[in-house]
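Predicted model only: the values in this text are computed from it and were never measured.
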Amino acid sequence: MKTELNLQSHIGADSYNGIPSVERIEGALAFSAIGDALGWPTEFGRYPASVRDRFGKNWVTDFVPWKKFVGGRFWGYEEQIGEGEYSDDTQLTLSVARCIDDAGCFDVEKFAYLELPSWILYEKGGGRSIKAAARHIISKKGIDWRTNFYRICPREGPALLYEEAGANGAAMRVLPLAIVNINNNEKLIRDCFANAIVTHGHPRAILGSILYGCLLRFLLTKRHVSAGEVTDYLKDIVHGWTNSLAGWEVASVWRADWDRRSSSGKTLKDSIKETNEEAVEYLDQISSHLEIDHKDYYRRVGALDRRTKGSGLATVLTAVYMFLKYLDEPETAVIEAVNTIGSDTDTIGYFIGGLFGAYMGMSAVPGNWLAKLQDRDYFTRTAMALRLTLLGDTADAFSSSSNMTRQGALMSLYAWEIGLHELFWEALDSGSPVIHPALGRGVVQNKEVKQLPRKSGYIAKLVRIKFDCGQTCTFHSRVSSSGTVSESLTSELRKSLDVQTAVSS
C-alpha cells in the first residue's frame, strides 16, 4: 500500500459520470466509524440505568473512555478503550477496502485468507461466528472461501453452525463494495454475496448485507429521497437479488453444498423464501412507525430481543428505519440509536452513520466527533484511494492489481505467525518497527501486561502498533511463561500448509 496520495486534486470534487464525490465517500466511511465508536460502550448494557452506572450520565452524546472486559472468568482482563476508538465493524470495513484491486474488483481470496485470519490478533469486539470462520478457513487444505462450513462445539454455550450464522457481521463490512460498484448493481450483489459467505451462511446475513450495500450505492448518488422511494427500492432488491446470482457458478456450487450440509432439514430455497418474506414485512412496517416512538419498531423486528438483536436483517432494517425517521437530523438519529439500550448499539450506529454519510457527505458529520475519531486521517486516505480507483487513476490508489492466492496468503501469514514471539516477548520495545502481512510497516507505540485471574503461568500482553497506512491496532494474546502465544494461528496453518515448503520459500 502506498503511503502518499494526491489528495488536493480530488478534495471537493463534484460527482460526475455517476461517480460520487470524495466528500460523500469520506462521509460514509467516517460517519459509520463514528457511529460504531459512539455505540460500542453502550452495547453491553441491558437496561438504561447501566449507562449511568458506567459513565455517570443517563445519555451518551459524545465519545467516552471506558474499560472493556475481554475473555471469560478465568482468562479475562480489562482493556482500556480510548475516546473515539472503533470496534470490529470498522476494522473489517477497512480490511475489505484493502482488498479492492486496481480494477475496482473485490479480491475475496485476499480477504478470506489474509485479512480475515490476521485480524484475529488485533480484533476488537469481534463476534463468535466471525472469529470461528476466520480460524476454520485456514485450518484444512480442502477448505476455501466458498466451502467454509464450520461446525464449532465449544465447551460452554451453543454450537456454532455456519448455515445458521445470520448475524450482521457480513453487512457491516460492505461499504467499500458499494463504493466501487457504484455503476454496477449486479456486480455489487455478487460481491456482497461473496463477502458474506466467507463467514455467514444464513440468508438473513446475506440479504442484510445486500440490502445495506445496495442502499448505500443508491444514496451515494441521490440528492433527495423519501421514505416510500427507499422502501420500494429495497423491496425490489428483496424480490430480485437471487436473479443476480443465477448462472453464477460460485452461487450454484455453494447452494448445493448448503443443502447437502444443512442440519435443520430445511432447503436453502425455503430459507431464502422465509427471509425474503421477513424482509418485506419489516419494510412494510417502516411507514407506520415513522411518527411514533422508535422503540416500537425495534421491538417489532426483534432488535431489542437478546436472541435476535444481532440479526443481519433486523439491524440493517432498523438502521434504515432510523435513517428515514430522522432524515434531516443525522446527529439525533445516531444519538438515539446508541442510547437504545438492549439493542446492538454499535452496529446500528455504524449502519446509520454510513447511510447519512453516503446521503449527505461530510456535512452530516459533527466536527467535534470527527476530530476525536481514531485514525481520522486514514478514512480520508481510504476515501481518496477508493475514488481514484473508480476514476481509473491507479497510479495513486493504494490497491494492487494482482490477486492473492490462498497458498501465497497463508505463507505470508505463517511467516508473521512464527515471528509472534518477538512481538509478545521482550525483543521489540516501543519504537521498534514491524512488518505485518496485511497492514504493512508499523511502529510499536507501547506494550502492556495484564494479569489473569487463573493461576496457570499465563499473562495477557497487549501491543499497540501504528501502521504507516494510517491504522492503529492493538495486538493481544495470552502468553505463557515459556513463550507460548495462545491466540497464535500456527497450528491451523500447519494443517493447511506444507510447512517445509513454506519455510524454505
Sidechain-backbone polar pair: [X] side chain, [Y] backbone, donor-acceptor under 3.5 Å:
X    : Y    : result
D36  : Y350 : no
N168 : G310 : yes
S343 : A303 : no
R217 : I182 : yes
E164 : A159 : no
Y86  : W40  : no
R376 : L370 : no
T90  : S87  : no
D257 : V253 : no
R98  : L439 : no

Taking the side chain as every heavy atom from C-beta outward, state whether [X] and [Y] have any pair of such atoms under 4.5 Å apart.
X    : Y    : answer
M172 : D88  : yes
R261 : R151 : yes
L413 : P117 : yes
E487 : R135 : yes
E229 : F218 : yes
L177 : I100 : yes
S287 : T231 : no
K266 : E274 : yes

Among L390, L388, T382, find the residue that satisfies the side-chain contact (heavy atoms from CB on, under 4.5 Å) test when tested with L386.
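Among the candidates, only T382 passes.
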
List the atom of [X], the atom of [Y], and the distance in Å for their closest heavy-atom pair.
X    : Y    : result
H202 : T275 : CE1-OG1, 3.8 Å
K309 : D344 : O-CB, 3.7 Å
M322 : A337 : CE-N, 4.0 Å
A333 : F356 : CB-CE1, 3.6 Å
W258 : G201 : NE1-O, 2.9 Å
N185 : Y233 : OD1-OH, 3.8 Å

State yes or no: are the ring centers of F44 and F69 separated by less than 6.0 Å?
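Centroid separation for F44 and F69: 6.0 Å or greater.
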
Between the side chains of R299 and D296, is the shortest nitrogen-to-carboxylate-oxygen separation below 4.0 Å, so that they form an ion pair?
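A salt bridge links D296 with R299.
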
Quick test of your reading of the model: are D101 and K110 salt-bridged, counting only N-O distances below 4.0 Å?
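Not counted as a salt bridge, because no side-chain N and carboxylate O are separated by less than 4.0 Å.
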
Parallel, tilted or perpendicular, as decided by the 30° and 60° cut-offs, for the rings of F323 and Y359:
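Answer is perpendicular, since the angle exceeds 60°.
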
Specify whether W254 and F193 have parallel, tilted or perpendicular ring planes, treating 30° as the upper limit for parallel and 60° as the lower limit for perpendicular.
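Judged by the thresholds at 30° and 60°, the geometry between W254 and F193 is perpendicular.
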
Side chain to side chain contact (heavy atoms under 4.5 Å, CB included) for H294 and Y297? Distances and angles first, verdict last.
CA-CA 5 Å; H294 70 275; Y297 186 83; 5.8 Å; no

Assess the residue pair R204 and E278 against the criterion (salt bridge (charged side-chain N to carboxylate O under 4.0 Å, His left out)); give the C-alpha distance rounded to whole Å, side-chain angles, the decisive distance to 0.1 Å, and a yes or no.
CA-CA 9 Å; R204 282 195 187 95; E278 185 180 341; 3.1 Å; yes

Between the side chains of [X] and [Y], does any donor sit under 3.5 Å from an acceptor?
X    : Y    : result
D377 : T380 : no
D259 : T267 : no
S139 : Y150 : no
T199 : R173 : yes

Please evaluate residues I335 and W59 with respect to the criterion side chain to side chain contact (heavy atoms under 4.5 Å, CB included), reporting the C-alpha separation (whole Å), side-chain torsions for both, the decisive distance (0.1 Å), and the verdict.
CA-CA 8 Å; I335 290 175; W59 200 250; 3.1 Å; yes

T315 vs T347, side chain to side chain donor-acceptor pair (under 3.5 Å): CA-CA, chis, key distance, verdict:
CA-CA 7 Å; T315 51; T347 303; over 6 Å; no

More than 12 heavy atoms of other residues, nucleotides or ligands under 6.0 Å from CZ of R307: yes or no?
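Counting other residues, nucleotides and ligands, CZ of R307 stays at 12 neighbours or fewer.
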
Using the side-chain hydrogen bond (donor to acceptor under 3.5 Å, both in side chains) rule, pick out the option among T345, D346, T340 that qualifies with T42.
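Looking at T345, D346, T340, the match for T42 under the side-chain hydrogen bond (donor to acceptor under 3.5 Å, both in side chains) is T345.
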
Using the side chain to side chain contact (heavy atoms under 4.5 Å, CB included) rule, take T474 and Y122 through it: C-alpha gap first, then chi angles, then the decisive distance, then the call.
CA-CA 5 Å; T474 299; Y122 69 88; over 6 Å; no

Apply the test side chain to side chain contact (heavy atoms under 4.5 Å, CB included) to residues Q285 and V301: give CA-CA distance (whole Å), side-chain angles for both, the deciding distance (0.1 Å), then the verdict.
CA-CA 9 Å; Q285 292 292 322; V301 302; 6.0 Å; no

